[in-house]
Amino acid sequence: MPKELWNDAAGGFHPISASDFLPRERLREIQLRRLQATVARVWDHVPLMRQRLSACELGRDAIGRLADIARLPFTVKADLRDTYPFGLFASPMPEVVRLHASSGTTGKPIVVAYTEEDVQVWAEAMTRTFASCGLHRGDIVQNAFGYGLFTGGLGAHYGAEGLGATVIPVSGGNTERQIMLLRDFGATAICCTPSFFVHLAEKAREMGIDLRTLPLRVGVFGAEPWSDGMRERIETENGIEAFDIYGLSEITGPGVAAECSEHDGLHVFEDHFYPEIIDAETGLPLPDGEEGELVLTTLSKRAMPMIRYRTRDITAILPEPCACGRTLRRIRRIARRDDDMFIIRGVNVFPSQVESALLEVEGTLPHYQIVLSRQAGLDQMTVEVEVTPEVFSDKVRALEALRGRIAHAIEHTIGIRVGLRLVGPQSIPRSEGKAKRLIDRRHD
Ligand code: DLL
């Protein structure tokens, strides 16, 4: 096993991580056994799923081999809303020890449930996540993911505890206090959304604190898309190594997939979550390497198993073995969701494309918003982007030159000209959790 995978400060290997290195054949046996049990469980306990399986002429024993998964019906977010709050539970309420909920953007929240075993599996997946990010016993982890109905806070909490690290359960928000704690408690790792970290780092600079001089060495970021350009800025400006972690409430919360030290895709914890990529239009499975919608099936969940859940996150499975030695397959970083896309003058645009373009240009800050509006029946897109204080106080000519460079970068990336508004530092609202990049005023 490569040296960097020994996760104990004393040079030991965290035993939980052994599941990351199983021979593929052994892993597939585990997956098959667990998938069969999961299908039997929903057949026995979830009326909607039984109905769906029957409608596809499938039964309790639908799975003979792993490939049979492609015959199972999909589950979508609307199924969770339609059965709100507890309609998809496969465990009786006395066995449910935890509920979480995700608010989403519209309407009722979706509710997810855990048995005691589910919480244990979640903790294990998050422990493996942190191990994969190079953390170990002896690390001090400032957990700035929100604690509460959001799964980020508690999920990360279990992971750090599982490793035997020291957790600072500060939760989200309260930026100045976060900075004081970072400095005074000497955190070696922080976890939060990438946008919140950018905000925190900026505030620290304002307070005259250079994060590079603190013991902080690792950032574990997730819960929203962030580009490679954003990663580069975060790493170089703050002297940390940034890792991407992925997950969603419906499947468990964070802990579905995580980067390793190679930073080349995220390993899916495939012994608990089965990934497939489908063509979002036809619903047909796509071969490894091709980009499409990620579909996940839980293999160990008891309280609320998910069969072929359509995440709407767009990625591809990277089948090649990873240099880190983990046998778990990887997914490419998730830059976008298919419901993030908007169409402007007939062109499909994702906020992440705008982010990548902006961050190529020197003088911009990683704070931006895309505003869609309608004027005289025509859709308009304006990108508001903050520029550094130096540029902002510069002469009009310098600002105009910068505007030209940004406009060119965006046009080059998305193929159309858009409105641009260069704004001074601090003009764009900061988020304490997931950043809101898109403001759609077309139907106001
Ligand atoms: O965001 C769980 C989480 C917490 C993941 C902390 C990572 C860290 P939800 O609120 O249910 O759960 O949102 C899930 O967020 O379908 C993706 O669209 C997006 N997302 C999560 N992680 C990433 C990531 C949590 N690393 C939704 N990159 C998912 C891009 C991400 N998008």
Side-chain angles (χ1 to χ4, degrees), residues 75-77 80-81 99-106 109-114 122-123 125-126 128-130 132-133 141 143-160 171-172 189-197 219-228 230-231 234 242-260 263 265-269 273 275 280 293-296 298 304 306 309-316 330-341 350-353 355-356 431-438:
T75 308
V76 295
K77 195 168 221 141
L80 281 95
R81 290 200 206 289
L99 299 176
H100 278 279
S102 131
S103 55
T105 40
T106 49
I110 55 137
V111 182
V112 295
Y114 305 70
W122 187 20
M126 278 308 292
R128 287 160 67 182
T129 292
F130 281 134
S132 179
C133 301
V141 182
N143 183 10
F145 278 123
Y147 283 65
L149 288 177
F150 176 55
T151 51
L154 278 161
H157 187 98
Y158 295 136
S171 194
I190 184 164
C191 31
C192 55
T193 57
S195 56
F196 182 63
F197 184 76
V220 179
F221 303 126
E224 64 183 7
W226 52 306
S227 60
D228 276 328
M230 182 78 91
R231 186 211 303 266
I234 287 176
F243 290 84
D244 190 13
I245 68 168
Y246 168 79
L248 59 165
S249 319
E250 297 88 321
I251 298 300
T252 193
V256 174
E259 274 187 351
C260 62
H263 299 284
L266 289 78
H267 292 280
V268 179
F269 297 108
F273 314 108
E293 179 180 345
L294 177 66
V295 169
L296 289 165
T298 61
M304 202 170 132
M306 278 289 132
Y309 183 71
R310 292 189 61 162
T311 64
R312 309 203 68 174
D313 292 320
I314 306 294
T315 179
R330 290 163 294 155
I331 50 172
R332 196 180 293 149
R333 287 183 76 193
I334 289 164
R336 57 199 173 93
R337 291 177 55 80
D338 79 350
D339 46 3
D340 266 358
M341 189 187 81
F350 290 94
S352 57
Q353 293 174 295
E355 175 175 309
S356 299
S431 79
E432 293 179 349
K434 303 184 190 232
K436 187 161 172 51
R437 302 296 191 194
L438 186 67

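FYI, the numbering just counts along the sequence from 1. Counting starts at 1 for both ligands and their atoms, following the listed order.
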- Closest approach of Ser132 to Phe243 (non-hydrogen atoms, all atoms of both residues): O-CE2, 3.9 Å
- Please report the shortest heavy-atom distance between Ser195 and Ser431, naming the atom on each side. OG-OG, 3.4 Å
- What's the verdict on side chain to side chain contact (heavy atoms under 4.5 Å, CB included) for Arg336 and Met341, showing C-alpha distance, side-chain angles and the deciding distance? CA-CA 8 Å; Arg336 57 199 173 93; Met341 189 187 81; over 6 Å; no
- Task: Please tell me if the side chains of His100 and Tyr114 come closer than 4.5 Å, counting only heavy atoms from C-beta onward.
- Result: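 With C-beta onward as the side chain, the pair touches.
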Nearest non-hydrogen protein atom, [atom]:
atom                    : value
atom 7 (C) of ligand 1  : Ala223 N, 3.3 Å
atom 1 (O) of ligand 1  : Lys434 NZ, 2.8 Å
atom 11 (O) of ligand 1 : Ser249 OG, 2.5 Å
atom 25 (C) of ligand 1 : Gly247 O, 3.6 Å
atom 31 (C) of ligand 1 : Glu224 N, 3.6 Å

- For atom 29 (C) of ligand 1, the option (of Leu149, Ile110, Asp340, Asp313) bearing the nearest heavy atom: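 Minimum heavy-atom distance to atom 29 (C) of ligand 1 goes to Asp313.
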Of the side chain and backbone of [X], name the one, both, or neither that has a heavy atom under 4.0 Å from an atom of ligand 1.
X      : result
Phe145 : side chain
Arg333 : neither
Asp244 : side chain

Find all atoms of ligand 1 within a distance of less than 4.0 Å from any non-hydrogen atom belonging to [X], and give their numbers and elements.
X      : value
Ile334 : 28 (N), 30 (C)
Thr151 : 2 (C)
Gly152 : 4 (C), 6 (C)

Check whether [X] reaches the backbone of [Y] with its side chain - one donor and one acceptor, N or O, closer than 3.5 Å.
X      : Y      : result
Arg312 : Ala280 : no
Thr193 : Ala223 : no
Glu259 : Asp244 : yes

- Task: Could you label the plane-to-plane angle of the Phe197 and Phe221 rings as parallel, tilted or perpendicular, counting under 30° as parallel and over 60° as perpendicular?
- Result: tilted
- Task: Decide whether an N or O pair under 3.5 Å exists between Phe221 and ligand 1.
- Result: no
- Query: Considering the options Ile331, Ile251, Thr129, Leu294, which one meets the side-chain contact (heavy atoms from CB on, under 4.5 Å) requirement together with Val256?
  - Reply: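 That would be Ile251.
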- Using non-hydrogen atoms of the residue, decide whether Arg312 is closer than 4.0 angstrom to ligand 1. no
- Looking at ligand 1, does Phe150 have a heavy atom less than 4.0 Å from it? yes
- Task: Could you tell me whether the side chains of His267 and Arg128 share a donor-acceptor contact shorter than 3.5 Å?
- Result: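 The answer is no; no qualifying pair exists.
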